[in-house]
Amino acid sequence: MKARLWLIDLNSDFLLGKEVVHLWCVSENGERILLVDDSVENFFFATVGNGSPEEAIKASFPELKKYGVLRMEICDKRILGKPIKAVKIVVDKSENIERVSGRLDKLKTFQKIYEDDIRLSTRYLIEKRITPSSWLEVEAEESPNLPNIPNFKTFKVKSIEPLELGSIPNLRIMAIHVLKVGEKGSPKPEYDPVVAISIFTSEGEFKQFTCDGRSDKKLIDDFVNYIKSYDPDIILGYGITEDWNYLIERSKRVDSMLEVGRNYAKPHTSVFGHVSITGRICIDLFHDARDNPQLTEYTLDEYAWSLGLKIGPQIPEHKYYEYLSDSSKKNMLFKQSEEYARLIYTIWNIMGDFIIQLSQLTGLPMDHVLTASAGHRAESYLMREAYSIGELIPPRIEKPYVSYAGGLVLQPQKGVYENVSILDFSSMYPNIMLKYNISPDTYIPSGEQCEDCFVSPESGHRFRKDYRGVYTRMLQSLLEARKAVREKLKSTKEGSLDYRILNARQKVLKILANTLYGYAGWTGARWYLREVAESVAEWGRYTIRATMEKARQLGLRIIYGDTDSIFVIDGEKLGELMKWIEEELAMEARIDKFYKRILFTEAKKRYGGLLEDGTLEVVGLEVVRGDWAEIAKETQLGVLKIMLETMDVNKAISYVRNVITDTRNGKVDLEKLVIWKRMTKPPEAYEVRAPHVLAALELLKRGWRIDVGDKVGYVITKGTSRIGERAKPYQLVESKDIDYEYYVRNQLVPAALRILEVFGVDEQALLKESRKGLMSFGTG
DNA sequence: GCACGATTTATACCA
DNA sequence: ACTGGTATAAATCGTGCG
């Protein structure tokens with residue numbers, strides 16, 4: 001049989017005592033096909049120091065045989081670009097790799113071990129140059145003894161090749177919402193049965209299983225049967241990892257078989273803490289929400305809202321029990337669960353393309369993509385790139401941290417400027433890495449000779465020119481692919497399916513390219529090399545300085561700049577500068593923005609300005625910070641708006657005074673006084689009794705659950721003790737206890753003054769009550 | 001023992 | 001659980017005072 005198949009998921013398994021790979025696929029016409037490949041080998045590599053690899057094999061093979069080693073052979077590999085002879089050690093099964101490498105460590109025959117931490121399914125994808133969530137050209141045959149899977153045809157793989165096809169087959173997708181209710185606090189699987197499971201599928205079918213209170217056995221059985229009959233490729237949820245663990249616990253108690261895998265296996269918790277289901281992809285959208293620092297509560301509602309989805313008021317979780325116990329309200333709860341299932345499916349429509357593209361490009365299965373960090377995504381890509389040039393994959397070891405200098409930030413002079421253009425280097429770091437061939441395997445260590453190489457401008461780090469490294473290759477592919485995709489996008493109908501796929505792809509290509517610099521400087525990276533990250537930053541500073549120098553020569557005035565941008569007063573020579581950048585620096589730059597009027601304080605990374613269309617844009621100032629009270633942010637924005645639009649200082653001052661008066665009179669909603677801060681460690685781990693920590697402790701004392709990463713909202717109450725002790729969780733405070741004077745002195749005045757001090761206004765001018773003071777300002 | 005400046009701790013932002 | 005650069009607030013430390 002010859003077919004085009006789309007790879008959904010893969011895993012390793014055993015067939016007649018031999019370790020094999022299972023590939024769960026869907027064909028062009030929607031058939032579900034399981035491919036079994038029994039031709040795979042488990043192996044890793046070892047290097048010898050000064051001795052000969054032949055000798056090392058001869059000396060160790062007889063003993064290693066006892067540990068499951070089938071074969072040892074010499075092969076040509078590279079370590080950081082240097083060709084070496086490595087010994088490939090083929091082992092009968094995955095579980096013996098650790099035993100063998102452990103034994104090798106003791107033998108001392110070999111110097112170093114490589115790739116003993118690569119799982120078989122990953123190894124398979126790398127070797128075959130294929131990725132999940134993409135098309136394969138497969139030749140396969142029928143064979144006896146293959147596993148029997150319902151709804152699946154099973155074949156043995158003869159050959160398998162990657163296919164460059166952008167389309168996505170029709171997948172069976174199932175969004176689920178699991179309703180769990182606890183009488184007091186969060187539900188516990190030990191005694192709280194699952195109340196309902198709502199399902200919404202890609203066919204538009206809605207299904208709900210409910211439990212009338214005593215036992216959820218029937219609910220769980222019905223749910224499992226539904227999965228068996230619908231046979232989804234993808235199961236979606238929000239917090240579904242927790243849901244599965246809950247269901248696993250429940251199924252044990254009510255003696256249910258949770259056979260939801262395509263081989264009827266139970267869900268299993270994988271090493272990374274996520275739940276996997278054989279043959280299906282289980283995606284927890286909660287992991288995507290956790291990546292968004294804008295969110296405070298990480299509820300599904302808040303997450304959906306951040307994606308632009310409008311949802312009405314919901315029943316809060318702490319009222320679930322009340323609703324459930326009231327027969328007239330019970331149905332509202334079930335209705336809400338239904339809506340959540342639909343909402344999760346709607347989110348897939350927004351996020352799905354992105355997840356598939358990320359999977360296709362990194363080689364990680366869809367269910368790993370959201371759980372993997374940015375660094376691991378980049379690394380997954382790099383490992384494949386490394387294989388293609390015979391580069392051995394370094395072990396994942398935490399390296400000691402050595403700091404280095406980053407981007408150049410210019411000191412702005414406080415004041416208001418007009419007609420300011422922002423010149424931006426596009427993808428500066430990726431382009432620098434390409435231009436100077438910066439990669440861990442092109443780096444020349446000190447002491448080694450190099451005839452012709454790139455030398456970094458400050459530290460003098462050298463990079464060879466005659467060999468393309470893993471970073472260079474990765475960046476070149478990503479940037480070229482992105483260019484091609486963006487070109488194709490131009491001739492694609494906006495809003496069409498193709499457009500969505502291409503757009504998701506170009507976004508993912510950019511994200512991956514931009515991650516690589518950070519990856520290089522991450523001490524946990526397999527390909528960490530401080531010199532690489534350091535050199536990139538050096539050439540970045542060099543590029544900005546050279547551009548500034550040229551701008552000055554051309555008579556252009558520079559106001560500010562940060563890392564890869566320069567703020568310059570618009571002038572006719574700007575075009576000449578752009579041309580110079582393109583021709584002399586061979587870098588890409590563009591005029592990203594134009595401010596009609598822009599205000600700088602004396603601080604770096606903080607400014608606000610009016611764009612051509614009149615939009616007010618604020619960067620870095622309190623307005624855009626989450627840890628200032630809303631009233632202060634609102635006031636600062638007002639002041640900024642007045643100043644940039646009218647330049648009328650007195651108008652701004654009287655505006656602020658009005659807010660101050662209102663605040664002192666308590667005419668401000670408590671909501672606008674809440675200060676939010678995120679917990680970065682458990683409350684008891686803090687060295688300093690900061691306001692938000694004390695507020696968190698108070699919540700904890702009252703039975704709230706505070707996790708690392710949660711945002712704590714507090715307000716400052718009346719009293720004479722230090723601020724921290726007067727900080728109380730906003731949920732527990734009444735308006736009469738608020739210390740309004742704190743908000744005037746520590747929030748309103750500093751926020752407003754940040755802008756107004758540029759115009760010579762001081763604290764006195766804002767706090768003085770008299771009308772005389774207002775009139776006299778600026779007139780002496 | 002207290003006031004006050006210096007230093008440390010913590011957070012959130014920019015690129 | 002990708003980097004460094006930066007501003008800022010509040011807690012805490014350290015020192016001079018007497």
Side-chain angles (χ1 to χ4, degrees), chain A residues 272-273 287 290-291 293-294 370-379 381-382 396 398 401-412 422 424-429 511-530 532-538 540-541 544 560-567 592 601-607 617-629 632-633 675-681 685-694 696 708-709 711-712 714 716 721-727 742 745-747 750-751 753-754:
Chain A
F272 213 65
H287 288 123
R290 270 274 147 162
D291 278 350
Q294 313 269 245
L370 292 188
T371 54
S373 69
H376 288 111
R377 290 173 190 168
E379 190 153 276
Y381 191 112
L382 273 177
R396 189 178 283 160
E398 188 68 30
Y401 170 76
V402 179
S403 77
Y404 68 91
L408 181 69
V409 189
L410 304 184
Q411 180 63 56
I422 300 183
D424 234 34
F425 283 90
S426 2
S427 300
M428 186 197 235
Y429 283 2
I511 288 172
L512 284 173
N514 286 340
T515 306
L516 205 55
Y517 157 74
Y519 174 83
W522 170 40
T523 52
R526 288 181 194 265
W527 278 281
Y528 164 73
L529 193 60
R530 190 207 81 238
V532 164
E534 189 168 41
S535 303
V536 177
E538 271 175 30
R541 296 193 294 271
I544 285 291
Y560 177 65
D562 186 348
T563 311
D564 60 358
S565 68
I566 278 175
F567 291 47
D592 190 39
T601 70
E602 65 280 15
K604 297 170 174 179
K605 296 186 185 278
R606 306 182 133 219
Y607 55 87
E617 202 168 73
V618 184
V619 176
L621 292 164
E622 281 74 4
V623 175
V624 296
R625 288 183 66 96
D627 57 350
W628 281 75
K633 303 196 327 176
I675 297 164
W676 293 92
K677 279 214 167 83
R678 197 176 292 279
M679 299 298 290
T680 59
K681 43 185 144 180
Y686 282 85
E687 288 181 44
V688 169
R689 295 168 72 76
H692 72 294
V693 179
L694 289 167
V708 171
K711 272 189 182 175
V712 175
Y714 64 88
I716 303 301
S721 54
R722 55 169 59 150
I723 291 163
E725 274 151 41
R726 282 151 52 211
Y742 166 85
R745 300 260 170 191
N746 295 41
Q747 292 275 323
L753 230 43
R754 196 86 60 214

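Letters go in sequence order (proteins before strands), and every chain restarts at 1. Just so it is clear, the values below take in all heavy atoms, side chains as well, and ignore hydrogens, waters and symmetry mates.
What separates CG of Leu753(A) from C1' of dA9(C) is a distance of 16 Å, to the nearest Å. Rounded to whole Å, atom P of dC13(B) lies 7 Å from atom NZ of Lys711(A). Distance, Met679(A) CE to dT9(B) C1': 14 Å, rounded to whole Å. Spacing between atom OH of Tyr686(A) and atom C1' of dT9(B) amounts to 10 Å, rounded to whole angstrom units. Rounded to an integer number of Å, the gap from CZ of Arg625(A) to C1' of dC13(B) is 5 Å. Taking atom CG on Leu694(A) and atom C1' on dA10(C), their separation rounds to 11 Å, with Å as the unit. Distance, Glu398(A) CD to dA1(C) P: 8 Å, rounded to whole Å. Spacing between atom CG of Leu621(A) and atom P of dT6(C) amounts to 17 Å, rounded to whole angstrom units.
To the nearest 0.5 Å, atoms OH (Tyr519(A)) and CZ (Arg526(A)) are separated by 7.5 Å. To the nearest 0.5 Å, atoms CG (Asp627(A)) and NZ (Lys677(A)) are separated by 5.0 Å. Asp562(A) contributes atom CG, which lies 7.5 Å from atom OH of Tyr607(A) (distance to the nearest 0.5 angstrom).
Between Tyr607(A) and dA15(B) there is a side-chain polar atom (N or O) within less than 4.0 angstrom of OP1 or OP2. The side chain of Arg722(A) contributes an N or O atom lying less than 4.0 Å from OP1 or OP2 of dT12(C). Contact annotation: Tyr560(A) does not reach the phosphate of dA15(B) (side-chain N/O to OP1 or OP2, under 4.0 Å). Dashed line: the shortest gap from a side-chain N or O of Arg754(A) to OP1 or OP2 of dT8(C) is under 4.0 Å. The side chain of Arg606(A) places an N or O atom within less than 4.0 Å of a non-bridging phosphate oxygen (OP1 or OP2) of dT8(C). Under 4.0 angstrom from either OP1 or OP2 of dA10(B) there lies no side-chain N or O belonging to His692(A). Between Lys604(A) and dA15(B) there is no side-chain N or O to OP1 or OP2 distance below 4.0 Å. At the phosphate of dA10(C), OP1 or OP2 sits under 4.0 Å from a side-chain N or O atom of Asn746(A). Side-chain nitrogen and oxygen atoms of Tyr401(A) include at least one within less than 4.0 Å of the OP1 or OP2 phosphate oxygen of dG4(C).
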Salt bridge (Lys or Arg N to Asp or Glu O under 4.0 Å) between Arg606(A) and Glu622(A), worked out: CA-CA 9 Å; Arg606(A) 306 182 133 219; Glu622(A) 281 74 4; 3.3 Å; yes
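For Val409(A) and Tyr519(A), each mapped to the nucleotide of DNA chain C holding its nearest heavy atom, the one lying further toward the 5' end belongs to Tyr519(A).
Nearest to the side chain of Trp628(A), among dT8(C), dG5(C), dA10(B), sits dT8(C). Of the candidates dT11(B), dC14(B), dA9(C), the closest approach to any side-chain atom of Asp562(A) belongs to dC14(B). When the nucleotides dA15(B), dA9(C), dT11(B) are ranked by their closest atom to the side chain of Pro750(A), dA9(C) comes out on top. Taking every side-chain heavy atom of Trp522(A) into account, dT3(C) is the closest of dT3(C), dA12(B), dA9(C). The side chain of Glu687(A) sits closest to dT9(B) out of dT6(C), dA1(C), dT9(B). With dA12(B), dT8(C), dT12(C) as the choices, the nucleotide that has an atom nearest any side-chain atom of Ala603(A) turns out to be dT8(C). The side chain of Thr563(A) sits closest to dA15(B) out of dA10(B), dA15(B), dT8(C). Checking dG4(C), dC13(B), dA12(B) against every side-chain atom of Val624(A), the shortest atom distance belongs to dC13(B). The side chain of Ala405(A) lies closest to dG5(C) when the candidates are dA9(C), dC2(C), dG5(C). Considering only the side chain of Thr515(A), dC2(C) comes nearest among dA7(C), dA10(C), dC2(C).
Among the protein residues, Gly407(A) comes within range of the sugar-phosphate backbone only, with heavy atoms under 4.0 Å from sugar or phosphate atoms but none that close to a base. Nucleic acid contact class of Thr680(A) (heavy atoms, under 4.0 Å, all strands): sugar-phosphate only. Looking at heavy-atom distances under 4.0 Å, Tyr429(A) makes no contact with the nucleic acid at all. Within the 4.0 angstrom heavy-atom criterion, no nucleotide atom of any strand lies near Phe567(A). Within the 4.0 angstrom heavy-atom criterion, only backbone atoms of the sugar-phosphate kind lie near Gly406(A); the bases stay farther away. Backbone-only contact: Arg689(A) has heavy atoms under 4.0 Å from sugar-phosphate atoms and none from a base.
Not one N or O on the side chain of Tyr429(A) forms a donor-acceptor pair closer than 3.5 Å with the backbone of Leu516(A).
Around CZ of Arg396(A), the count of heavy atoms belonging to other residues, nucleotides or ligands within 6.0 Å exceeds 12.
Side-chain polar atoms of Tyr560(A) and Ser565(A) form no donor-acceptor pair below 3.5 angstrom.
In this structure, Ala374(A) and Thr515(A) approach most closely via the heavy-atom pair O-CG2, 3.8 Å.
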